[in-house]
Number of protein chains: 2
Amino acid sequence: MQLQRLATIEDVAGIAGVSIATVSRAIHEPAKVADATRRRVNDAIARTGYTTNAMARSLRMRRSNMILILAPDVGDPNFSNILVGLETEASKRGYGVLIGNTQNDATRETDYLRFISSSQATGLILLTGHLPFGLEQSSPLTRLPPMVAVNEPVPGDRVPFVGVDNFEGARIAAEHLISQGHRRVAFIGHSTSRMVAELRERGYRAALSDAGIAIDPMLILDGDGTTESGRQAAEHMFVRDVLPTAFLCVNDATALGVMIALNARGYDLPRQFSVMGFDDISYASFVTPSLTTMKQPRSKIGEEAMNLLLAVVEGRPVEQKQVLLRSELILRNSVARLGADDGDPSASRYRRSG
Amino acid sequence: MQLQRLATIEDVAGIAGVSIATVSRAIHEPAKVADATRRRVNDAIARTGYTTNAMARSLRMRRSNMILILAPDVGDPNFSNILVGLETEASKRGYGVLIGNTQNDATRETDYLRFISSSQATGLILLTGHLPFGLEQSSPLTRLPPMVAVNEPVPGDRVPFVGVDNFEGARIAAEHLISQGHRRVAFIGHSTSRMVAELRERGYRAALSDAGIAIDPMLILDGDGTTESGRQAAEHMFVRDVLPTAFLCVNDATALGVMIALNARGYDLPRQFSVMGFDDISYASFVTPSLTTMKQPRSKIGEEAMNLLLAVVEGRPVEQKQVLLRSELILRNSVARLGADDGDPSASRYRRSG
DNA sequence: TTTGTCGATGTAAAGGTTTTCATTGACTAT
DNA sequence: ATAGTCAATGAAAACCTTTACATCGACAAA
C-alpha cells in the first residue's frame, strides 16, 4: 500500500557521480559547490524526481517545519478566518500547519503536546487563552516551547500575544452610539470569558465616562456569549422594565439574540432600539436589520501571529511581545440616530455596506 | 531555542537495564515481553518522561501519522464543520491533520504535495473536486497515494468519495415544496460547480417529473453559488416576469440572495413566495424568515471520510469506494403552504427548530 | 622546491527508532 | 541424556539526512 520506493539522496549522488554530501550542499548551500557539479546534481535531481525526505531531515536537524495550532473549537466561524491567515503566512515560509481541536479538554490538550515533545512540531499557536495542560504546572523556570497566543492572551507575561485591541474597539463602538444621541446604552457582557469581555466592558465604561454619562449598573448584564444568552438578557431588561435606547453587545452572537428578542416583541429596529455587536461574523450583514459592529481583522491577526511565532522559532530577534491590531467600525443598519425617523426604514434595510 | 534534551529510548533502556529493542517491544507489543520486564520499562519511561521521537519512528517505518487535507477555501463556513469531523476521527486514531489552503491555485496544490512525496504525510483528503495538480497528469497506471475525496467527487473512479446524496436531497426538498401545494417551482443552480449542482438539479427534475409536473425551462436559472448571484437570479425572474411560487436554491447562500431580492421588493415571505436552500449553513436559522433547507451532516461526513482514508492507509480492506450520506429536511419558516395565510406570521418567525 | 592557503569534494558520524535474526535458557517429549 | 520447542531478550542493520572533519589538488608566496 505504498508508492514505488522514492529516490534518495544516494540515488542522486550516484547518477551525478558525486558524494551525498555534495548533493546536500548543492541543494542547501549552492554557493559552496562548483558550477559544473551543481549542474550535474540538478540534472540528476530532475531525472530522479528526488525530494528530500522530511523525516530524515527533521531527525537530523532536530527541528521540523511544522506548527501546531491549538484551538478549543475549530468549528467556530471566528476561527476559520484566523486559520486562513495563519496558514497563508506559514505556507509562504515553508512551514505546515497542524491543527488540534481541544474542546477545552485537558486530556486532548496534553495529547496534542506530544507533537511538540516528539519534535514533530516546532512551535505552538494557542487560541485557548491558557497554557495547555501539561505545561500549565511547569515551574516559571522551565523553558517553554516557542509559542504565541492569539485572540485571548495567556495570563502572566510568558506568552507573546497577537489580537485585537478590545478596549479601544469597544470604546469606539460605544462612542459611535453616543454620537448618535444615545445616552442610555446597555452593555451585554460575557462573564465566562475572562480577558476579552472584561476589556470590552472597560472600553464601554470609558466611552461613557468620557462623554460625561454616569454608568447605570442596571444597564449592564452578563451573558455567556451565545445568541440565546443575548435573547435572555434582553428579555430580562424588559421584565425589570429598565430600558436603554441602545444595546452594545460583547459580540455579534449576543447582539443577534438581542435583536431576536426585540423583533419578537414587535419593535421596529433600529427605529425603536439600536443594537451593536462586536466581531463582524459572517452573517452580521445578512440579518435584518444588518448589524452595525466592530470588524476584527481576522486574517491579519493570523498572519501577524504566525510571523511572530516563526521569528521566535527561527531565533530571530523579536521586537515586541504583544501585537494589538485595530478593529474597524462597520456601519450597517442596526443603529439609528436617537429620535430620528427616516421615512421608509424597510427600504434602507438592504442597503449594501462594506 | 530548544527544550532540554529529551529522553531517548536508550536512556530508558539504560535505566530499566534492558536493550532498546525490549523497550520498543514493551511499548508496541507488550505481550511479547515478560511481565516483570515490562514493569521495569514502564517505570523507567515514567521516570524519564520519555516520548518516542516521531521523526525517527516515521523515518524507520517509512510512514508518518499525518494526514494532509487539501481545501480550496479554509475560510468557507461549510469547511469548518467537516474539518471538525476529520480532526476528531484522526486524533482518535493517533493521527494528526495538516491543513492546506489551495485557493484553487495549481502552484499551491503542487506545493503541498511535497508533504506527501517527502513522506511527511501519509494520506490525502481532497475537498477540491479534482486531483491536485502534479498528480493530474499522472498516467492511469501510476499508483496514487492513499486519498479520499470529500463533498465533491473527483471525476473518474480512481478516488473513493464521501459526501451527501445530493440527488436524493434535492429530490426530498423539491417534494417538500410540492407537498405544500407548489407546482411552479424555480431552481437556481450553480453552473461553475460541476457535479454537486448537477446532481441537485437532477433531483429537482426527478421530483417534479414524479409529481407529473412539466419542467419549465424558464424557471431554471444559473448562478455561481453566491448570495449576490441568488439575488440577481431572482431579479432576473421579475424582469422576465415569469414567476414561480417557490424557489429551490442550489445552496443556502443562493437562497439568502433570493430572499434579499424578494424582501427588497417588499414581498411578505413566506406568504407570497416560498424559498428553500440546501446545506443548512450556520446562519440559515437567523435570517428572516428562517430558512427551510436540507441539512448536511458535515461532521459525520468528515468522520466517515477520515475513517475510509485511514482504512486505505493502514491497508485494511475497504468495503465500499463511495459513501453517500443522507441530508435531512430542516423545517423552518421560509416555506408556506401555497395560498395559506396563517393569521399572524410575524409571531411564528422565531419559533425554534431542530 | 617548499610551505601555505583555499576551494571543492569526500568520509563517516550522528540523529532515534523498528525489526530481523541470533542467542540463551527453560522446559517437554522421547 | 538428548533433541527439540518456545519464550524472552539482545545485537546490529536500516531508514535518509546533515555536517564536522579530513583530503586533495591547484595555485601563490617565499
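So you know, we letter chains A, B, ... as the sequences are listed, proteins then strands, and number each from 1. If you're wondering where the values come from, they're calculated on a predicted model, not measured in any experiment.
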Can you say whether a donor on the side chain of B/Arg60 sits under 3.5 Å from an acceptor on the base of C/dT18, or the other way round?
yes
Students often get this wrong, so: under 4.0 angstrom with heavy atoms, is [X] touching a base, only sugar-phosphate, or nothing?
{"X": "A/Ala21", "value": "base"}
{"X": "B/Thr51", "value": "sugar-phosphate"}
{"X": "A/Ser58", "value": "nothing"}
{"X": "A/Ser24", "value": "base"}

Return no unless some side-chain N or O of [X] is found under 4.0 Å from OP1 or OP2 of [N].
{"X": "A/Arg62", "N": "C/dG16", "result": "yes"}
{"X": "A/Thr37", "N": "C/dA8", "result": "no"}
{"X": "B/Arg57", "N": "C/dT18", "result": "yes"}

Can you name the nearest heavy-atom pair linking B/Ser64 to B/Ala121, along with the distance?
OG-CA, 3.5 Å
Spacing of [X] atom [atom1] relative to [N] atom [atom2], expressed in whole Å:
{"X": "B/Ile9", "N": "C/dG15", "atom1": "CD1", "atom2": "P", "answer": "15 Å"}
{"X": "B/Gln120", "N": "D/dT17", "atom1": "CD", "atom2": "C1'", "answer": "13 Å"}
{"X": "B/Met55", "N": "D/dC16", "atom1": "CE", "atom2": "C1'", "answer": "12 Å"}
{"X": "A/Ile27", "N": "D/dT17", "atom1": "CD1", "atom2": "P", "answer": "8 Å"}
{"X": "B/Lys32", "N": "D/dG10", "atom1": "NZ", "atom2": "C1'", "answer": "15 Å"}
{"X": "B/Met61", "N": "C/dG16", "atom1": "CE", "atom2": "P", "answer": "18 Å"}
{"X": "A/Ile20", "N": "C/dT9", "atom1": "CD1", "atom2": "C1'", "answer": "13 Å"}
{"X": "A/Arg63", "N": "D/dT19", "atom1": "CZ", "atom2": "C1'", "answer": "15 Å"}

Given [options], which nucleotide is nearest the side-chain atoms of [X]?
{"X": "B/Ser19", "options": "C/dT17, D/dA11, D/dC16", "value": "D/dA11"}
{"X": "A/Asn53", "options": "D/dT17, C/dT17, C/dA8", "value": "D/dT17"}
{"X": "A/Thr22", "options": "C/dG16, C/dT19, C/dG10", "value": "C/dG10"}

Under 4.0 Å protein heavy-atom contacts per nucleotide of nucleotides 21-27 of chain D, with B for base, S for backbone only and - for none
-------
On the 0 to 90° scale, with breaks at 30° and 60°, tag the A/Phe115-A/Tyr112 ring pair as parallel, tilted or perpendicular.
parallel
May I ask you to check whether B/Arg298 and B/Asn78 show a side-chain donor-acceptor distance below 3.5 Å?
yes
Can you tell me if B/Arg93 and B/Asn65 form a side-chain donor-acceptor pair at under 3.5 Å?
no
Result for side-chain contact (heavy atoms from CB on, under 4.5 Å) between A/Met306 and one of A/Val148, A/Val97, A/Val313 points to A/Val97
Near B/Glu10 CD, under 6.0 Å, is it more than 12 heavy atoms from other residues, nucleotides or ligands?
no
Please check if the side chain of B/Thr110 supplies one atom and the backbone of B/Ala106 the other of a donor-acceptor pair under 3.5 Å.
yes
Any salt bridge linking B/Lys300 with B/Glu303? Criterion: basic side-chain nitrogen under 4.0 Å from a carboxylate oxygen.
no
Is it true that B/Arg40 and B/Asp43 make a salt bridge, defined as a side-chain N closer than 4.0 Å to a carboxylate O?
no
Per the end-axis method with five pairs at each terminus, what is the bend angle of the helix from C/dT1-D/dA30 to C/dT30-D/dA1, to 10°?
60°
On DNA chain D, check which nucleotide each of B/Leu59 and B/Asp35 is closest to and give me the residue with the more 5' one.
B/Asp35
Is the shortest heavy-atom distance from the side chain of A/Pro132 to the side chain of A/Ile116 under 4.5 Å?
no
